[in-house]
Amino acid sequence: MTQPRAAVGVGHARVEGRLKVTGQARYAADQNIDGMLHAVIVDASVGRGRIVGVDTAAAQAQPGVVAVISHLNATRLTYRENPDSNHPPGERLRALQDDRVRFFGQPVAVAVATTLQQAQHAAGLVTVTYDAEQPVLGLDDGAPNAAADYSRGDTVAALAASDVRMSMTYAPARTHHNPMEPHATVAQWDGDRVTVWDKTQWINATQAELASVFDIPRSQVRVVNPYVGGAFGSALRPWPHVIIAALAARMTRRPVKLVLTRRQLYFGTGYRPAYDYRITLGADRRGRLTAMEHTIRAETSSYEDFREAVTAAGESLYSMPNVRIDYRSIALDVNTPIWKRGPGPATAAFAIEVALDELAHRVGVDPVDLRMRNEPAKDEGSGLPFSTRRLRECVTTGAREIGWQHRARRPGTRRDGDWLIGLGMAAGNYHSGSAPAQARVRLNADGSAVVETASSDMGPGTYTSMTQVAADALGLTLHSVRMRLGDSLYPPTPPHGGSMTMASIGTAVLNGSDAVRRQAVDLAVKDRDSPLYGAAPDQIVVRRGRLTVRDQPARAETYQRLLARNNRDHLEAVGSYTPDGAGQRFSMSAYAATFAEVAVDATLGLIRIRRLVGVYDAGRIVNPRLAESQAIGGMVGGIGAALLEHTVTDERDGRIVNADLAAYLVPVNADVPALKAVYLDGEDPHLVSLGVKGLGEVVHVGVAPAIANAVFNATGHRVRSLPITVETLR
Ligand code: MOS
């Protein structure tokens with residue numbers, strides 16, 4: 001019998017909220033250990049070349065300095081091949097292992113001292129001399145890696161035969177994640193065992209990477225990370241500083257803390273790469289697409305070939321017979337990029353959704369109608385049916401919410417005093433993925449439960465939503481369930497990312513909790529002294545820790561009594577989730593339509609966003625309050641991408657010139673208007689039994705193009721690069 005749903009679907013506040021706001025939640029850098037040293041990285045001040053000398057004498061002479069480590073004296077590390085550490089194809093950057101400088105800001109030495117101030121001072125006294133070369137930094141200048149190709153139909157012929165043909169190039173900027181919590185690692189060795197407290201979204205990958213680099217079994221690496229102060233993808237792989245912290249701890253035989261400075265986050269962790277995304281599209285006069293050609297170029301490093309799912313939208317978001325995609329990464333003298341919220345689809349949506357807006361304008365069709373006209377009946381990329389796809393409903397709901405009927409048909413014609421007013425919209429989707437996961441569930445004799453799973457919670461509310469799932473399946477209140485996350489001693493999980501967490505880990509928690517409840521039911525129906533003795537197991541439900549035979553309320557007892565009478569101090573099970581192949585039978589995505597209203601100062605070109613509305617088809621919503629928080633965060637991130645965020649590099653040497661939060665702009669309260677998030681009711685029956693589709697990424701995907709299209713509607717100026725600024729508007 002299925003359990004009543006009491007907690008899932010309710011907007012419970014974060015179960016760990018009090019710990020966070022009272023400072024009791026311990027983040028990686030909060031870890032302190034007796035005898036712990038502090039490490040400060042010295043990073044390369046050239047963009048490419050060789051290190052010819054490292055003078056550490058002055059640094060080493062300072063009080064408190066224990067070691068200054070560079071490639072000249074660092075222990076040789078194994079860097080065993082490792083398929084599980086989440087690095088892109090290629091050669092990993094081997095921290096402090098050779099004299100090569102591959103990008104500006106690459107760690108080249110580390111000063112280790114008793115106090116942070118001593119280490120900072122010593123790091124400043126290390127003199128590194130280089131044989132510098134000109135780095136290759138432009139997308140037009142680097143060597144293209146092999147193409148990821150896709151095609152169907154005959155794009156060339158279809159384009160030639162189309163009524164309307166348009167060619168545009170879109171250029172979203174490189175952007176960094178800028179989480180509030182800096183990346184940090186504390187490492188402690190005990191013989192050949194190492195424990196790291198590390199900001200990571202993927203406990204098990206960090207564990208695998210440390211094992212491979214130091215050539216020890218995975219079982220000898222423990223990664224601990226109960227709280228993460230935001231990440232957005234930046235912590236999906238361990239960066240060199242993680243290895244350097246462990247290396248310094250090993251060489252000094254002391255625990256070592258290494259916290260990247262805000263500036264170092266721009267050099268020492270990844271970013272969403274800059275793209276050059278060219279679209280040539282063909283359509284009929286009514287705006288029915290006939291063909292699209294996508295030529296996509298993106299930054300990657302010289303040593304790893306980073307790719308993301310940037311081709312998916314081109315393959316299947318809209319219906320058309322002819323598609324050709326050529327996606328190449330370009331090897332440059334830069335740090336390796338990494339996934340950032342909505343990785344791939346967010347970039348593709350900027351190009352495709354602005355291109356559709358351009359087409360709508362050209363053929364004189366309303367952008368909402370244009371989406372409807374090109375809505376596919378199935379996934380034309382894979383040929384698979386959609387599990388659920390309610391994009392039409394997202395679009396019509398969003399249009400109603402924003403007041404789309406007030407949109408000016410002719411751009412630049414609607415005014416409010418000095419301000420030009422515009423409305424814009426964009427669609428988007430994000431693949432509903434999942435991956436194997438496990439969770440251990442233990443029901444204690446006192447009727448409380450503990451659930452353990454390795455996953456971190458980078459901020460979406462995983463502690464809370466998992467507690468809700470476990471509480472319902474066990475038949476307990478939320479307060480009786482303790483969720484433990486963020487430790488490699490717990491059962492393994494996939495990355496906390498890719499909008500896979502609830503489907504994957506949530507199902508493992510559900511299965512483990514179901515198994516434990518069934519153990520209890522089994523115990524009861526076979527126990528002659530139980531009021532439930534002899535009842536059919538499928539007729540028993542558990543509510544608030546009390547097992548009852550359905551329709552016979554007198555036949556009941558609590559978990560406590562049952563376990564006590566049977567001399568059991570706990571019941572336990574490990575729940576597993578393995579994808580069941582639904583992805584081979586269905587095309588599964590969450591969908592979104594984002595609508596924006598902007599005001600642009602007619603004289604000054606200042607852009608103010610007045611309203612954003614996001615409507616989402618994301619399956620079942622486990623916690624509406626957390627889901628709204630995700631949507632608001634995704635929209636705020638979209639405002640950043642649209643109007644503010646831009647990692648600027650100096651083309652002379654590859655230095656990031658705005659490597660701080662004063663010069664790298666992110667939205668603040670004054671930039672954020674009224675935001676409205678609407679989740680369509682309903683669940684997806686195909687991905688997992690929880691009915692979810694994932695929502696952390698899709699809420700971000702279409703925000704920047706919706707704003708860009710609104711700016712066009714307001715002004716008549718089409719900006720094809722991001723961010724859209726006063727300068728680009730002129
Ligand atoms: Mo998300 S880019 O998988 O953190």
Side-chain angles (χ1 to χ4, degrees), residues 85-88 172 174-183 198-206 225 227-239 265 269-273 275 298-300 306-310 312-313 335-350 428-435 437 454-462 465 485-486 493-506 588-590 592 618 626-627 629-631 633-638 640-641 645 647 666 692-704:
S85 73
N86 204 22
H87 68 82
R174 183 202 285 202
T175 65
H176 273 79
H177 306 69
N178 283 297
M180 287 305 295
E181 181 204 14
H183 284 248
D198 179 51
K199 177 193 179 91
T200 175
Q201 287 169 255
W202 198 357
I203 293 270
N204 298 102
T206 297
N225 184 35
Y227 300 102
V228 181
F232 315 111
S234 69
L236 282 166
R237 73 176 291 195
W239 298 102
L265 294 177
T269 70
Y271 51 88
R272 193 198 298 279
Y275 274 85
E299 298 175 287
T300 191
F306 172 81
R307 305 285 179 118
E308 56 188 342
V310 72
N335 183 15
T336 305
I338 196 160
W339 301 279
K340 186 181 170 196
R341 204 162 189 180
T347 297
F350 173 64
N429 72 322
Y430 193 85
H431 174 66
S432 300
S434 65
S455 175
S456 49
D457 176 355
M458 78 166 130
T462 303
S465 55
L485 295 173
T493 51
H496 189 54
S499 293
M500 304 193 295
T501 300
M502 185 46 73
S504 314
I505 302 163
M588 300 188 294
S589 274
L626 294 170
S629 158
Q630 279 292 288
M635 286 192 258
V636 171
E645 293 190 50
T647 304
V666 296
V692 299
K693 298 211 281 185
L695 54 84
E697 323 278 352
V698 77
V699 294
H700 179 67
V701 168
V703 182

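Both counts, for ligands and for their atoms, begin at 1 and track the order of listing. Below, each value reflects all heavy atoms present in this structure, side chains not excepted, and no hydrogens, waters or symmetry copies.
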For this session: Could you tell me how the ring of Trp339 sits relative to the ring of Phe306: parallel (under 30°), tilted (30 to 60°) or perpendicular (over 60°)?
Result: perpendicular
Exercise. Can a non-hydrogen atom of Met500 be found less than 4.0 Å from any atom of ligand 1?
Worked result: no
For this session: Identify the residue among Asn225, Thr200, Asn86 that makes a side chain to side chain donor-acceptor pair (under 3.5 Å) with Thr206.
Result: Thr200
Problem set entry | Positive for side chain to side chain donor-acceptor pair (under 3.5 Å) with Glu645, one of Arg174, His177, Lys340, His176 | Lys340
Under 4.0 Å from a heavy atom of [X]: give me the atoms of ligand 1 that qualify, with their elements.
X: Pro343; answer: 2 (S)
X: Trp339; answer: 2 (S)
X: Gly233; answer: 2 (S), 4 (O)
X: Glu697; answer: 1 (Mo), 2 (S), 3 (O)
X: Met458; answer: 4 (O)
X: Leu236; answer: 3 (O), 4 (O)
X: Phe232; answer: 2 (S), 4 (O)
X: Arg341; answer: 2 (S)

Mind checking whether [X] and [Y] have side chains closer than 4.5 Å, heavy atoms only?
X: Pro337; Y: Thr300; result: yes
X: Val692; Y: Ser432; result: no
X: Asn178; Y: Leu265; result: no

Exercise. If you take all heavy atoms of His496 and Met458, which pair is closest and at what distance?
Worked result: CD2-N, 3.0 Å
Seminar exercise, completed: Minimal heavy-atom distance between Ile338 and Pro273, with the atoms involved, is O-CD, 4.4 Å
Problem set entry | Residue and atom name of the nearest protein heavy atom (relative to atom 4 (O) of ligand 1), distance in Å to one decimal | Gln201 NE2, 2.8 Å
Exercise. N/O of Gly342 under 3.5 Å from N/O of ligand 1, yes or no?
Worked result: no
For this session: Flag Gly498 as yes when one of its N or O atoms lies below 3.5 Å from any N or O atom of ligand 1, and as no otherwise.
Result: yes
